[in-house]
Amino acid sequence: YLGSRLGANVSLLTQFGLQRGGNPVFREVFAMVDNLPYNSYLKIGKFLPPYGHRLEDHTAYVRKELFVDQSNPVSYGSGVEIGADPLLFYARFAYLNEDIRPADATDATSTVYSGVLGWQGLWLQLGGSFLRVVDNQNWGFASGLSGDTQGDRTAYGGYGSVNFWRL
């Protein structure tokens, strides 16, 4: 990760690394305007869609099977995300376009709508997520989509977590 703070409300972040085979890849590259009223923000660039918990385990179903997998470079899309975190409630919504081969004129682009809405107390967090992928010819292409996963896809579900003291 490489980040910089350009002012009280503007920051830049880049996440880059190597993918299998040693090829360099920029996974996330975005600008964020934050510290707005209600602890809200606006994110513009290339990033992972908000869906459920952002687990480090990229093999979890909510990551790998839904193509919001941090280890898969094609899980990231370009677009805009807005979010707010006023006191106990939080919300994040994103609109992304995904294009894994921008130089190829025959490449179809998928549109992704994604969001998270939840509540976070001192020891308990509860929330729900949705992910809508429209015209899914390429989303997750590097993982080898089977015929039944191509086309429009919708996923939604609830999630939660418990905080035990310092664990």
Side-chain angles (χ1 to χ4, degrees), residues 1-17 19 25-100 109-136 139-140 152-167:
Y1 294 94
L2 178 62
S4 61
R5 194 81 173 150
L6 302 179
N9 297 81
V10 179
S11 59
L12 301 173
L13 181 90
T14 301
Q15 177 194 7
F16 56 92
Q19 63 184 13
V25 62
F26 283 88
R27 289 190 170 92
E28 291 187 302
V29 179
F30 61 83
M32 182 182 290
V33 179
D34 58 2
N35 296 324
L36 300 174
Y38 301 105
N39 200 22
S40 59
Y41 68 90
L42 173 68
K43 184 192 304 187
I44 300 170
K46 179 182 176 184
F47 50 88
L48 196 66
Y51 187 86
H53 285 299
R54 191 164 171 167
L55 303 173
E56 292 297 324
D57 181 6
H58 66 274
T59 61
Y61 175 78
V62 297
R63 298 282 136 216
K64 186 176 180 180
E65 300 302 320
L66 297 177
F67 303 113
V68 286
D69 173 1
Q70 293 173 331
S71 70
N72 187 349
V74 298
S75 292
Y76 298 84
S78 298
V80 62
E81 178 181 327
I82 59 170
D85 192 0
L87 298 178
L88 298 175
F89 295 94
Y90 59 90
R92 296 177 197 88
F93 299 98
Y95 167 80
L96 303 168
N97 278 315
E98 176 270 345
D99 195 357
I100 63 171
T109 300
S110 299
T111 300
V112 178
Y113 304 93
S114 178
V116 174
L117 182 63
W119 172 85
Q120 183 169 351
L122 292 175
W123 62 274
L124 179 66
Q125 179 180 2
L126 299 171
S129 298
F130 75 90
L131 180 72
R132 174 85 173 129
V133 181
V134 181
D135 188 26
N136 184 23
W139 190 263
D152 295 355
R153 297 180 70 197
T154 302
Y156 53 88
Y159 63 89
S161 62
V162 177
N163 178 19
F164 293 110
W165 188 52
R166 294 185 184 188
L167 300 177

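Computed from a prediction, not measured in an experiment: that's the story for all the values here.
Of all non-hydrogen atoms in Ala31 and Leu12, the two that sit nearest each other are CB-CD2, 3.6 Å. Counting all heavy atoms, side chain and backbone alike, Phe26 lies closest to Lys46 at O-NZ, 3.0 Å. Nearest heavy-atom pair across Ser11 and Asp34 is OG-OD2, 4.4 Å. Scanning both residues, Phe89 and Asp85, for their nearest heavy atoms gives O-OD1, 3.3 Å. Closest non-hydrogen pair, Gly77 versus Leu96, comes out as O-CD2, 3.7 Å. The two residues Gly157 and Tyr51 make their nearest non-hydrogen contact at N-OH, 3.7 Å.
Using bins of under 30°, 30° to 60° and over 60° for the plane-to-plane angle, the ring pair Tyr113/Tyr95 lands in the tilted bin.
From Tyr38, atom OH reaches atom CG of Leu87 across 10.0 Å, with rounding to the nearest 0.5 Å. For the atom pair OH (Tyr1) and CG (Leu13), the distance works out to 7.5 Å, reported to the nearest 0.5 Å. Note that the CZ atom of Arg27 and the CZ atom of Phe16 stand 11.5 Å from one another [nearest 0.5 Å]. Note that CG of Asn163 and CG of Leu122 are 8.5 Å apart. Values are rounded to the nearest 0.5 Å. The CG atom of Leu126 lies 8.0 Å from the OG atom of Ser161; values are rounded to the nearest 0.5 Å. Ile82 contributes atom CD1, which lies 7.5 Å from atom CZ of Phe93 (distance to the nearest 0.5 angstrom).
When only modelled atom types and interatomic distance are considered, Glu81 and Tyr41 share a side-chain donor-acceptor pair under 3.5 Å.
Using a distance-only test at 3.5 Å, with no hydrogens or angles considered, a donor-acceptor pair links the side chain of Asn35 to the main chain of Ala8. Side chain of Asn39 to main chain of Ala84: no donor-acceptor pair is present (N/O by atom type, distance under 3.5 Å, no hydrogens or angles).
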Exercise. side-chain contact (heavy atoms from CB on, under 4.5 Å) between Leu131 and Ser114: does it pass, once the steps are laid out?
Worked result: CA-CA 4 Å; Leu131 180 72; Ser114 178; 3.8 Å; yes
For this session: Give the C-alpha distance, both sets of side-chain angles, the deciding distance and a yes or no for side-chain contact (heavy atoms from CB on, under 4.5 Å) between Tyr90 and Val116.
Result: CA-CA 8 Å; Tyr90 59 90; Val116 174; 3.6 Å; yes
For this session: Check step by step if side-chain contact (heavy atoms from CB on, under 4.5 Å) holds for Gln15 and Tyr76.
Result: CA-CA 11 Å; Gln15 177 194 7; Tyr76 298 84; 3.8 Å; yes
